Amino acid sequence: MTQPLIGVSTYLEDASWGVWRLPAALLPVGYPRLVQSAGGIAAMLPPDEPGRAAATVARLDGLVVAGGPDVEPVRYGAEPHPRTGPPARERDAWELALIRAAIDTGTPLLGICRGMQLLNVALGGTLVQHLDGHVEAVGVFGRHTVRPVAGTRYASLVADESSVPTYHHQSVDRLGDGLVVSAHAHDGTVEAVELPAPAWVLGVQWHPEMADDTRVMAGLIGAAS
């Protein structure tokens, strides 16, 4: 069986390696490793012109929108909260276009942390701009448990409450059009959202690439195969 090609969105950042300090397209290695462990081939997707998103998605079997900086509040009609980070406008525009292209074409889509938040925004939802208790320390992933909602796609992949790696200070507020909640944290925070079948569109608030549990990614790979 041919391994599905899974595109993963990336960062554009200044980076240092060896004797070099240059602008780079970056992706934490946990993302491609998780794709590979689940049986896919990972392809990095650096920010590009939004008009090229449809052609890009057409060459993929599945799409992962990775975690990263806060979504600019203007995207969902809000003023910035004092704790909201600086905008990443190029990345917002590119990833929103990727999400819309994936939904339009029925390409399996997994949004991770920021990717889940962008999915919600792409479908007309809004975000809580600052949430306490979901970051252990700056630059340190914490863990908490999430509870699946019975009857959802996520529950079909992970049937029981599970501990997940987490690092976020924003979350879903008003749910985007058509989305259903498929997992919660114990404090009620929305931890996963999805579109009903036949679409395979899932967003998770945590970071599965920071652990060894491949079940969510395996669901995407299975849908993309």
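As the structure is a prediction and not an experimental result, all values here were calculated from the model.
- With 3.5 Å as the limit, one finds a donor-acceptor pair spanning the side chains of His186 and Arg147.
- Judged purely by atom type and a 3.5 angstrom limit, Gln129 uses its side chain to pair as donor or acceptor with the backbone of His81.
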Problem set entry | Criterion side chain to side chain donor-acceptor pair (under 3.5 Å) on Glu191 and His144, from CA distance to verdict | CA-CA 11 Å; Glu191 289 285 336; His144 66 236; 3.1 Å; yes
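- Smallest separation of non-hydrogen atoms from Pro46 and Ala25: CB-CB, 4.0 Å.
- Using a 4.5 Å cut-off on side-chain heavy atoms (C-beta onward), Gln170 and His130 make no contact.
- Taking CD of Glu95 as the reference point, atom OG of Ser9 lies at 3.5 Å (rounded to 0.5 Å).
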All N/O donor-acceptor pairs, side-chain side in residues 193-200, below 3.5 Å, sequence neighbours left out:
unit_1, atom_1, unit_2, atom_2, d
Glu194, OE1, Arg153, N, 3.3
Glu194, OE1, Tyr154, N, 3.0
Glu194, OE1, Ser182, OG, 3.1
Glu194, OE2, Arg153, N, 2.7

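- Residues Val172 and Val181 share a hydrophobic cluster, clusters being chains of Ile/Leu/Val/Met/Phe/Trp/Tyr side chains in contact below 4.5 Å.
- For residues 2-26, no pair satisfies salt bridge (Lys or Arg N to Asp or Glu O under 4.0 Å), with sequence neighbours left out.
- No donor-acceptor distance shorter than 3.5 angstrom exists from the side chain of Gln3 to the backbone of Gln36, with no hydrogens or angles considered.
- The list of salt bridge (Lys or Arg N to Asp or Glu O under 4.0 Å) pairs with a residue in residues 31-55, not counting sequence neighbours, reads Asp48-Arg52.
- Closest approach of Thr152 to Val149, counting heavy atoms only: OG1-O, 2.7 Å.
- Follow the hydrophobic side-chain contacts under 4.5 Å out from Val204 and you never reach Met210; the two are in separate clusters.
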For this session: Give the intermediate values and the outcome of side chain to side chain contact (heavy atoms under 4.5 Å, CB included) for residues Thr166 and Arg143.
Result: CA-CA 5 Å; Thr166 183; Arg143 295 192 75 91; 5.5 Å; no
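- Two residues are said to be in side-chain contact when any heavy atoms from C-beta on lie closer than 4.5 Å; Leu109 and Leu119 meet this criterion.
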Atom pairs and distances, donor-acceptor, side-chain atoms in residues 212-221, under 3.5 Å, two or more places apart:
unit_1, atom_1, unit_2, atom_2, d
Asp213, OD1, Arg215, N, 3.0
Asp213, OD1, Arg215, NE, 3.1
Asp213, OD2, Arg215, NE, 3.1
Asp213, OD2, Arg215, NH2, 2.7

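- Placement of Leu127 and Leu175 within a single hydrophobic cluster is found when ILVMFWY residues are connected by side-chain heavy-atom separations under 4.5 Å, directly or transitively.
- For residues 58-78, the pairs satisfying salt bridge (Lys or Arg N to Asp or Glu O under 4.0 Å) are Glu72-Arg89, with sequence neighbours left out.
- Taking every heavy atom of both residues into account, Gly39 and Pro4 meet most closely at O-CD, 3.7 Å.
- Taking 4.5 Å as the limit, every side-chain heavy atom of Leu110 sits out of range of all side-chain heavy atoms of Val201.
- The hydrophobic clustering, which links ILVMFWY residues whose side-chain heavy atoms are closer than 4.5 Å, places Leu45 and Val64 apart.
- Within the 4.5 Å cutoff, the side chain of Ile112 has heavy atoms near those of the Pro208 side chain.
- Taken from OG in Ser162 to CH2 in Trp206, the straight-line distance is 6.0 Å, to the nearest 0.5 Å.
- With rounding to the nearest 0.5 angstrom, the CG atom of Leu123 is 8.5 Å from the CZ atom of Arg100.
- Within 6.0 Å of CH2 on Trp17 lie more than 12 heavy atoms contributed by other residues, nucleotides or ligands.
- The two residues Ala211 and Pro165 make their nearest non-hydrogen contact at CB-CG, 3.7 Å.
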Problem set entry | Leu118 vs Met116, side chain to side chain contact (heavy atoms under 4.5 Å, CB included): CA-CA, chis, key distance, verdict | CA-CA 5 Å; Leu118 268 175; Met116 169 179 142; over 6 Å; no
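- In terms of modelled atom types and a separation under 3.5 Å, the side chain of Tyr11 and the main chain of Pro47 share no donor-acceptor contact.
- A heavy-atom distance below 4.5 Å is found between the side chains of Trp94 and Leu98.
- Between Leu27 and Ala66, the shortest heavy-atom distance links the atoms CD1-CB, 4.3 Å.
- Applying the salt bridge (Lys or Arg N to Asp or Glu O under 4.0 Å) test to residues at least two apart or on different chains, none of the pairs has a partner in residues 156-177.
- Contact detail for Gly67 and Cys113: the closest heavy-atom pair is CA-CB, 4.3 Å.
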Problem set entry | Working for ring pair (Phe, Tyr, Trp, His ring centres under 6.0 Å), residues His207 and Tyr167 | CA-CA 7 Å; His207 285 268; Tyr167 191 89; 7.3 Å; no
Problem set entry | Audit row: Val121, Thr126, side chain to side chain contact (heavy atoms under 4.5 Å, CB included) steps and yes/no | CA-CA 6 Å; Val121 170; Thr126 62; over 6 Å; no
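- Leu60 is not listed as a side-chain neighbour of Ile6, based on a closest heavy-atom distance of 4.5 Å or more.
- Val128 places none of its side-chain heavy atoms less than 4.5 Å from the side chain of Thr189.
- Residues Val71 and Val190 share a hydrophobic cluster, clusters being chains of Ile/Leu/Val/Met/Phe/Trp/Tyr side chains in contact below 4.5 Å.
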Exercise. So Val8 and Thr10, side chain to side chain contact (heavy atoms under 4.5 Å, CB included) or not? Walk me through it.
Worked result: CA-CA 6 Å; Val8 188; Thr10 73; 5.7 Å; no
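- When side chains are defined from C-beta on, Glu209 does not count as touching Pro28, because their heavy atoms never get closer than 4.5 Å.
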